[in-house]
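Okay, structure first, notes after.
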Amino acid sequence: MLKDDILKLKKEKNAVILAHYYQDSDIQDIADYVGDSLELSKIAAKTDAEIIVFCGVNFMAETAKILSPTKKVLLPVKEAKCPMAMMVTAEKLTEYKNNNPDRKVICYVNSYADVKALSDVCVTSSNAEKIIMAYKDQKILYIPDKNLGLYLKDKYHLDIEVWPGFCCIHNNLKPKDIIKMKEAHPNALVLIHPEAPLEVLRLADYIGSTKGIVEYASNSTHHEFIIGTEEGILHPLKKRNPDKIFHLLSQGLSCFDMKLTRLEDVYTALRDETYEIIVPEDIRTKAYESLKRMLEMS
Ligand code: SF4
């Protein structure tokens, strides 16, 4: 069986398999660890594995490489890319910085290594609020997700300029989706990822990262939830909470790039050691500084 072949190869090659929460359930089930991108990269760095197979999109595998420079990091599907991460380039950011030298650049982890390398600090959706508040008296540029930036700007009235990037999955959510679902499921709590637009977030009972949503629903005494993030999260939610009820906020919550990875790709990646992620050392060390600053502050 393919699953057994993967596990055998993984052992032979001393590899660790990571799967983001948005991967298909069969990929999540063969992974050693399932989680958010930074959390997974941190876990992998602490293992003695020589190879990391990152089932996700390429900026995630890059982050793993930044934290584990001596390990070989593989992305099973070369074409798996995050459209949001591609919305900011090192070239455009350099141009902005030259024109706005007084703004601190706070960079969401959903970005490429060369963009992280140009930033003052990185954030995740779990710690963005805490880290941005540490810069509350300064002028800030938040990249690349306009929605998370606008949410924090609105909440704390900060001097934040936002890059016009967005997640094409969460950005599609509309207030009418929540109104419709609340009418159908009046006892359910609405849990939403902060990459959704502000007018949607204002209707949520809880706003948090993917991991935050899993933890919140699992620890809550509530029984029924409307989930406003990528559909892959339903697998860990149902696994951890077999007696609770979860409704996906909208049918459009499926990330094309996250769903590219198949078990066959994981097997081929391990067998042929493809596709290796390379980050030039000068970029890696600068990107590492931005990530390290975040880890120290969070
Ligand atoms: S869900 Fe959104 S942020 Fe995540 S990989 Fe897909 S497009 Fe990028």
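Predicted model, so just to flag it, every value in this text is computed and none were measured. Atoms within each ligand, like the ligands themselves, are counted from 1 in listed order. We're numbering straight along the sequence, starting at 1.
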Regarding Tyr156 and Glu129, do their side chains bring together a donor and an acceptor under 3.5 Å, going by distance alone?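 Short answer, yes.
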May I ask you to check whether Tyr112 and Thr89 show a side-chain donor-acceptor distance below 3.5 Å?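 The criterion, which ignores hydrogens and geometry beyond distance, is not satisfied for Thr89 and Tyr112.
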Are Lys176 and Glu199 ion-paired here, with the side-chain N under 4.0 Å from a carboxylate O?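 Salt bridge: no.
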When you check the gap from the basic side-chain N to the acidic O, do Lys239 and Asp29 get nearer than 4.0 Å?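 Here Lys239 pairs with Asp29 in a salt bridge, since their nearest N and O are under 4.0 Å apart.
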Excluding waters, how many protein N/O/S atoms sit closer than 2.8 Å to atom 2 (Fe) of ligand 1?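 Those protein atoms number 1 in total.
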Main chain of Ser220, side chain of Lys244: is a donor-acceptor contact present, judged purely on distance under 3.5 Å?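 Flag set: sc Lys244 to bb Ser220 pair under 3.5 Å.
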Does the side-chain contact (heavy atoms from CB on, under 4.5 Å) test come out yes or no for Glu224 and His247, once each step is laid out? CA-CA 8 Å; Glu224 191 176 5; His247 311 282; 2.7 Å; yes
